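Below is one structure; the comments refer to it alone.
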Amino acid sequence: MTIPTPWPEAVIFDMDGLMLDTETISMNSMHRTLRLHKIDFEDQWLFDIIGMNSKGAKNYFNEKLGYPLPEEVDTTFMKTYEDHVTTNGIELKTGLVELLKFLDDAGIRRGVATSTRSRMAHKKLGMTGIKHWFETIVCGDEVANGKPAPDIYLKAAENLGIDPTNCLALEDSDNGAKAAHAASIDVIVVPDLKQPKDHTRDIAHRVVTSLHDVKLHLQMR
């Protein structure tokens, strides 16, 4: 796979784990929630749902457990997560602001395709001071099918008015990379909590260690 020459017309960013250092917060919050509600689970399940929206994560747990998660689990998780974020703030991932400035200077348009629900996504983008960099923000509760389905990336490209093949996606998760690839969007993977699976490496344009490397890659084109 190759990035459109010379540069993509737009870059579509994942949010959690890619721009915001929040995946550990999410996993710890879910771990505490499941323990509180006395639900038996395997730690690997928490890695498997990275990149999924809330509906996809619920379906995943329902399949693994053999019964639906109680509604109060979602309520407890959201409160635990939001309380932590509100109290402690959110760190930006290394190289993000530098990359955003570079794309802006180059006239490359920008969007967000995040599995996070709309209210929380806009809150986090606002409190970290980066929301203004993006023309469109598509959230997990705004599409019929979450990642790894292509819906969210197709909608982001549509909102930008740009053909998906002329976009570049930035992702940290296997589910997110699959979604971008299914939408015919080239994807650069910047791993966060886990290294990409072999299939993800096969479909990715490149796997790099930081957003700083993304900028360097585009500069070399």
Side-chain angles (χ1 to χ4, degrees), residues 13-94 96 112-128 130 137-149 151-153 169-180 189-197 199-200:
F13 290 70
D14 175 48
M15 186 178 72
D16 293 291
L18 187 282
M19 294 195 290
L20 308 183
D21 193 8
T22 48
E23 290 293 11
T24 298
I25 301 171
S26 180
M27 289 187 69
N28 289 343
S29 298
M30 180 57 79
H31 193 281
R32 289 177 58 191
T33 296
L34 295 172
R35 290 296 186 205
L36 179 65
H37 288 278
K38 296 180 171 52
I39 295 173
D40 292 328
F41 65 97
E42 297 178 18
D43 288 342
Q44 181 60 43
W45 298 358
L46 302 181
F47 287 97
D48 290 344
I49 64 173
I50 292 175
M52 294 182 183
N53 63 10
S54 59
K55 180 181 177 181
K58 286 179 183 177
N59 290 339
Y60 176 90
F61 270 93
N62 293 351
E63 291 178 7
K64 289 293 186 181
L65 294 169
Y67 61 86
L69 278 175
E71 286 298 323
E72 54 265 29
V73 169
D74 185 58
T75 302
T76 302
F77 166 73
M78 288 302 298
K79 184 178 188 310
T80 302
Y81 181 90
E82 191 161 358
D83 285 350
H84 185 283
V85 166
T86 301
T87 301
N88 299 286
I90 298 172
E91 295 292 329
L92 297 177
K93 299 290 277 189
T94 301
L96 174 61
V112 175
T114 174
S115 293
T116 298
R117 281 172 275 199
S118 180
R119 184 187 67 81
M120 195 62 190
H122 284 270
K123 175 178 179 177
K124 290 192 288 187
L125 291 170
M127 68 187 292
T128 52
I130 61 172
I137 299 166
V138 185
C139 303
D141 54 352
E142 298 174 338
V143 293
N145 303 295
K147 302 175 185 179
D151 302 33
I152 197 163
Y153 274 105
L170 302 181
E171 275 285 353
D172 68 291
S173 71
D174 295 313
N175 289 314
K178 289 178 183 178
V189 177
V190 188
D192 182 32
L193 294 185
K194 61 193 277 296
Q195 289 300 307
K197 295 180 179 179
H199 174 70
T200 300

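Bear in mind that the values here come from a model prediction, so they are computed numbers and not experimental data.
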- Heavy-atom pair with the smallest gap, counting every atom of T33 and T80: OG1-OG1, 4.1 Å
- Over all heavy atoms of both residues, which pair between N175 and K147 is shortest? Give the atoms and the distance, please. O-CB, 3.8 Å
- Task: Please report the closest heavy-atom contact between K93 and L18, naming both atoms and the distance.
- Result: CG-O, 3.2 Å
- Query: Taking 4.0 angstrom as the limit, do K124 and D16 come out as a salt bridge?
  - Reply: yes
- Item | Side chain to side chain, L34 and F61, heavy atoms closer than 4.5 Å | yes
- Do any N or O atoms from the side chain of T22 and from the backbone of I25 form a donor-acceptor pair under 3.5 angstrom? no
- Would you confirm whether T87, through its side chain, and H84, through its main-chain N or O, come within 3.5 Å as a donor-acceptor pair? no
- Note on the structure: Output for pair (S26 OG, L20 CG), nearest 0.5 Å, gives 12.0 Å
- Task: Kindly compute the distance separating CG (L125) from CE (M19), expressed to the nearest 0.5 Å.
- Result: 5.5 Å
- Message: Go through it in stages, so that I can follow the logic: the residues are T86 and K123, the test is side chain to side chain contact (heavy atoms under 4.5 Å, CB included), and I'd like the CA-CA distance, side-chain angles, deciding distance and then a yes or no.
- Response: CA-CA 10 Å; T86 301; K123 175 178 179 177; 3.1 Å; yes
- Which heavy-atom pair separates E142 from I137 by the least distance, and what is that distance? OE1-O, 3.7 Å
- Item | Flag, side chain of D151 to backbone of V143, donor-acceptor distance under 3.5 Å | no
- Message: Using 0.5 Å steps for rounding, measure from the CD1 atom of I90 to the OG1 atom of T128.
- Response: 6.0 Å
- Between L96 and I130 the two heavy atoms that sit nearest each other are CD2-CD1, 3.9 Å
- Item | Heavy atoms from other residues, nucleotides or ligands near CD of E91 exceed 12 (cutoff 6.0 Å) | no
- Message: Testing the 3.5 Å rule here: is there a donor-acceptor pair between the side chains of D74 and S54?
- Response: no
- Has the side chain of D141 got a donor or acceptor atom that lies under 3.5 Å from a matching backbone atom of R117? no
- For P191 against P196, the heavy-atom pair lying closest together: CG-CD, 3.5 Å
- Does F77 offer a backbone N or O that forms a donor-acceptor pair with the side chain of S29 under 3.5 Å? no
- Task: With the side chain counted from C-beta on, respond yes when M120 and Y81 share a heavy-atom pair under 4.5 Å apart, and no when they do not.
- Result: yes
- Task: Hey, could you give me the CZ/SG distance between R119 and C139, rounded to the nearest 0.5 Å?
- Result: 11.5 Å
- Note on the structure: Interatomic distance, CZ@F47 vs NZ@K194, rounded to 0.5 Å, equals 8.5 Å
- Message: Working to the nearest 0.5 angstrom, can you tell me the gap between K55 NZ and N62 CG?
- Response: 12.0 Å
- Task: Scan for side chain to side chain donor-acceptor pair (under 3.5 Å) pairs involving residues 35-53, sequence neighbours excluded, and state none if there are none.
- Result: H37-T76, Q44-D48, D48-Y60
